[in-house]
Amino acid sequence: MHPFRTHTCNELRLSHAGVRARLSGWIHRKRDHGNLLFIDLRDHYGVTQCVIDASSGFFLSATEARPESVITVTGRVVARSPETVNPAVATGEVELAIDDLKMESPAEILPLQVSGDADYGEETRLRYRFLDLRRERQHRNITLRSAIIASIRRRMVEAGFVEFQTPILTASSPEGARDYLVPSRQHPGKFYALPQAPQQFKQLLMASGFDRYFQIAPCFRDEDARADRSPGEFYQLDFEMAFATQDDVFAAIEPILHDVFVEFGDGRGVTGLPFPRIPYDASLDWFGNDKPDLRNPLVMADVGEAFRGSGFGLFARAVDAGGSVIAIPAPAAAARPRSFFDGLNAWARDEGAGGLGYVVFAGHGGAGTEPAADGGEAGVRTPAGKGPIAKHLDDARLEAILTALNDAARRAAEGLGLPPRIYGEGDAVFFVSAEKVKAQRFAAAARERICDELGLREARAFRFTWIVDYPAYERNEETGQIEFSHNPFSMPQGGLDALESMDPLSIKAYQYDIVCNGIELSSGAIRNHRPDIMIKAFAIAGYGEDEVRRRFGGLFNAFRYGAPPHGGCAPGIDRIVMMLADEPNIREIIAFPMNQQAQDLLMGAPAEVDAARLKELSVRLDLPKAKATSGGGGKPEPR
RNA sequence: GGGGGUGUAGCUCAGUCCGGUUAGAGCGCUGGCCUGUCACGCCAGAGGUCGCGGGUUCGAGUCCCGUCACUCCCGCCA
């Protein structure tokens, strides 16, 4: 007989009755009846009930074994009597009547319990992650992650992509996030950087003649964490295609994402192919940001003109000063009590906005008074507006607001498959007014809030969209300088001609993001593979040719000896798993995540190192004064 | 770097607003009882620097100041 097991803890069934079996696992739970002891034995696969009675020689030691001790038990599989069958457990029709028990590894008293579904603080969970990961939900998440990655890998290979590995110790990249740096022993004063993404390597592979690259790529960025952003490191499904247009890239990855989300989505809806595409500018107009959650059906519109010169001075002055008034529809909200509007107003002020103006369209009462979408029909009345702002707006202005919202709703319905809607009687409209960028940012948040207040968010669905036509450049508000808005490696639309003839701020790039449920899964681009266009593109952002050669020498050089037009994308693996696992926090789907302060509480990273090691690296510390540097322990050091 | 929340038994939390006798509960732990449970049950017990430091007060878990830690958000994340 195998020294540890003949079966797993999820294997024994009624058909095994009478068989002699050996199981190994953790003591999940014990039920001690004095002269009869039940042990739920758990392994990766499941749980099997084992039973011992007082007549056995090892009964006492079994009684004393703590939960989470690892044991090996041997005995006979017996069918349970009908009244003792447990239908909640896969092995619930049988139990193992054990006649031998070997303690493989006793457990001390636990800092967190594995059985049951108690909540524990994250600090405890991460410090004892090996215990936390034994728990059902955590165990399931990590297993799901593995299955998703295996499925992605299989689908990528089937689609003709070739998997590569690229360096982890590489050079710092001048754009983007902060790098993690690694001092070089052999070259004092010089540093490696961990890659923020294998961006340049995958482009070099294109220049190397490989046609379709992919990698489940580790990426390292020294930026602060969020619930959906793991500190330090994360994984991307990084891929790149030679001789590919933007449409080719979309056509290659859409079915893979779609099928993976269907495979692991547990019946949740997935956007059909092809995924909708929203130009960046339209996304800002309709949703206030470039990562719209299309489960939210609300479409916004700029209605500044309706307020220009109106009696509502606050908004009229804002418009005259070049600001925006953004309207957010609130379908069927006219029936809501005053407290609904007051509550949203209070929320707006908590968010730091001046407030949230609104108009309620409930003037005429009764049904059937909705205006036709295009207006102009005889006998159609504009519903009368109510609310603090409405009295300052005449019918023509109210009409203009409804027309703008209906126009936006109709166009979004056609392009995105959002439910069509004609606003009018019975609806309400909220207004956000500020300088344009600020107004959009706040309106985006208000749109989400209003959607949830009204219970309009589509449940159990993954709604994908591409955001396309990103601007190539933007003006840095602080410095006034023209900068790359997204990715310096993207091909500007219009190529060299556009760079030479157009206002840089109006040039678009073949740059795109894929967004799912309001979460940016990835950005990608058709790359700039032409050295002459690169020089010009960087010149506009203030980099001389020498600087481009110095900073991107490898890539720049590669493009001088024949490089294929190419492009790609890099969806975030962790966020995909997070959504499919339906977890609100990215750390729930990473086996050993760091905490929000980028510390690994289990391994004790980051840690101090010996002076000798620093000397070897020609590194001397210059620590900030005030702060204790102990890292762990949590106790402040006396000063 | 900034803002919010939290910090009380091994763990999860109540008590803090409105200061007052010996700081409680559940789970876990220890001991005892229990032969059909499956969140087993019953009895008893141990376990506390109320994050840390300072202040106010006759008296501080509770009020004030500072500080540390964790967490959520903003900045940041080509």
Side-chain angles (χ1 to χ4, degrees), chain A residues 28-40 47-55 59 64 66-68 78 80-89 91-92 95 97 108-128 131-132 173-179 196-197 199-200 219-232 234 350-352 441 445 470 472-474 478 483-490 509 511 520 523-525 541 552 570 572 584-585 587 595-597 599 601 626-628 630-639:
Chain A
H28 188 60
R29 250 196 281 267
K30 291 192 303 182
R31 290 173 295 281
D32 185 351
H33 290 241
N35 287 307
L36 182 71
L37 173 66
F38 296 100
I39 294 177
D40 289 340
V47 174
T48 301
Q49 174 166 288
C50 303
V51 61
I52 317 168
D53 76 37
S55 61
F59 182 80
E64 285 167 2
R66 284 211 187 88
E68 294 308 306
V78 297
R80 298 200 204 176
S81 61
E83 70 276 11
T84 62
V85 164
N86 184 352
V89 180
T91 59
E95 62 194 4
E108 297 181 8
I109 293 168
L110 300 167
L112 63 84
Q113 288 154 245
V114 173
S115 66
D117 55 0
D119 276 337
Y120 296 94
E122 226 183 355
E123 192 172 3
T124 302
R125 291 179 52 201
L126 294 183
R127 197 178 292 278
Y128 299 96
L131 288 176
D132 190 39
S173 70
E175 299 285 327
R178 257 176 253 121
D179 290 312
Q196 295 184 23
Q199 180 68 34
Q200 293 186 66
C219 304
F220 306 89
R221 297 178 190 175
D222 184 5
E223 296 293 350
D224 289 336
R226 288 287 183 279
D228 66 350
R229 209 162 79 202
S230 72
F234 61 98
D350 282 349
E351 296 287 304
R441 184 174 304 167
Y470 273 79
Y473 300 97
E474 64 190 6
E478 287 171 19
E483 296 180 346
F484 287 110
S485 71
H486 224 79
N487 183 325
F489 305 110
S490 302
Q511 166 82 42
E520 180 194 324
S523 65
F552 305 101
N585 190 303
R587 296 191 285 273
N595 69 4
Q596 187 169 314
Q597 279 71 243
Q599 296 167 305
L601 299 176
K627 221 161 181 182
S630 60
K635 297 265 195 268
E637 288 183 343
R639 286 190 288 280

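Below, chain A is the first sequence line, B the second, and so on; all start at residue 1.
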**Message:** Quick check: on RNA chain B, is the nucleotide nearest N86(A) upstream (toward 5') of the one nearest A54(A), or the reverse? Name the residue that is more 5'.
**Reply:**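 Closest to the 5' end, via its nearest nucleotide, is A54(A).
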Distance, [atom1] atom - from [M] to [N], rounded to whole angstrom:
N: C33(B); M: C70(B); atom1: C1'; result: 43 Å
N: C58(B); M: C42(B); atom1: C1'; result: 47 Å
N: G51(B); M: U6(B); atom1: P; result: 13 Å
N: G10(B); M: G47(B); atom1: P; result: 11 Å
N: U30(B); M: A46(B); atom1: P; result: 16 Å
N: A14(B); M: C76(B); atom1: C1'; result: 39 Å
N: C17(B); M: C63(B); atom1: C1'; result: 11 Å
N: C18(B); M: C65(B); atom1: P; result: 14 Å

Rounded interatomic separation in angstrom, taking [atom1] from [X] and [atom2] from [N]:
X: E64(A); N: C29(B); atom1: CD; atom2: P; answer: 13 Å
X: F59(A); N: C33(B); atom1: CZ; atom2: C1'; answer: 13 Å
X: D228(A); N: U71(B); atom1: CG; atom2: P; answer: 15 Å
X: E520(A); N: C77(B); atom1: CD; atom2: P; answer: 12 Å
X: F234(A); N: C77(B); atom1: CZ; atom2: C1'; answer: 8 Å
X: R127(A); N: C70(B); atom1: CZ; atom2: P; answer: 9 Å
X: R221(A); N: C77(B); atom1: CZ; atom2: P; answer: 10 Å
X: R441(A); N: C76(B); atom1: CZ; atom2: C1'; answer: 12 Å

Report the base-pairing partner of [N] (Watson-Crick or G-U wobble, both distances below 3.5 angstrom), or none.
N: U30(B); result: A44(B)
N: A14(B); result: none
N: A60(B); result: none
N: U6(B); result: A69(B)

**Asked** What nucleotide among G75(B), U37(B), U35(B) has an atom nearest to a side-chain atom of D224(A)?
**Response**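 Output: G75(B).
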**Prompt:** Choosing from C72(B), C76(B), U30(B), which nucleotide comes nearest the side chain of R66(A)?
**Reply:**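 The answer is U30(B), which lies nearest to the side chain.
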Do [X] and [Y] meet the criterion of a side-chain donor-acceptor pair at a distance under 3.5 Å?
X: S485(A); Y: E474(A); result: no
X: Q196(A); Y: D179(A); result: yes
X: S81(A); Y: E83(A); result: yes

Within the structure shown, what part of the strands sits under 4.0 Å from [X] by heavy-atom distance: base, sugar-phosphate, or nothing?
X: N595(A); answer: sugar-phosphate
X: R226(A); answer: base
X: Q199(A); answer: base
X: R125(A); answer: nothing
X: E108(A); answer: nothing

Are side-chain heavy atoms of [X] and [Y] found at a separation under 4.5 Å?
X: R29(A); Y: F38(A); result: no
X: L601(A); Y: N595(A); result: yes
X: N35(A); Y: D53(A); result: no
X: Q199(A); Y: N487(A); result: yes
X: Y128(A); Y: D132(A); result: no

**Message:** Let me confirm one number: the CZ-CZ distance from R178(A) to R221(A), rounded to the nearest 0.5 Å.
**Reply:**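 Going from the CZ atom of R178(A) to the CZ atom of R221(A) covers 13.0 Å.
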**Request:** Answer yes or no: is there an ion pair linking D40(A) with R31(A), defined by an N-O contact shorter than 4.0 Å?
**Result:**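 Looking at R31(A) together with D40(A), the answer is yes, because their closest N to O distance falls below 4.0 Å.
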**Pair R66(A) + E108(A): basic N to acidic O under 4.0 Å** =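 Salt bridge between R66(A) and E108(A), a charged N being under 4.0 Å from a carboxylate O: no.
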Between the side-chain atoms of [X] and the base atoms of [N], is any donor-acceptor pair under 3.5 Å?
X: R80(A); N: C38(B); value: yes
X: E123(A); N: U71(B); value: no
X: R229(A); N: C77(B); value: yes

Report each atom pair, protein N/O against N/O of nucleotides 41-43 of chain B, whose distance is under 3.5 angstrom.
none

For [N], does OP1 or OP2 lie under 4.0 Å from any side-chain N or O of [X]?
X: N35(A); N: C34(B); result: no
X: N585(A); N: C72(B); result: yes
X: Q597(A); N: C70(B); result: yes
X: R31(A); N: U37(B); result: no
X: Q596(A); N: C72(B); result: yes

**Prompt:** What one-letter contact string describes nucleotides 4-16 of chain B from 5' to 3', where B marks a base within less than 4.0 Å of any protein heavy atom, S marks contact via sugar-phosphate atoms alone, and - marks no contact?
**Reply:** ------BSS----
**Asked** Under 5.5 Å between ring centres and under 30° between planes: does that hold for H33(A) against the base of C40(B)?
**Response**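 It does: the two rings, one from H33(A) and one from C40(B), meet the stacking criterion.
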**Request:** Kindly give the heavy-atom pair with the smallest separation between I52(A) and F59(A), and that separation in Å.
**Result:**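 Shortest heavy-atom contact: O-CE1, 3.8 Å.
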**Asked** What do the steps show when you test F552(A) against F489(A) for ring pair (Phe, Tyr, Trp, His ring centres under 6.0 Å), and what is the final call?
**Response** CA-CA 10 Å; F552(A) 305 101; F489(A) 305 110; 5.3 Å; yes
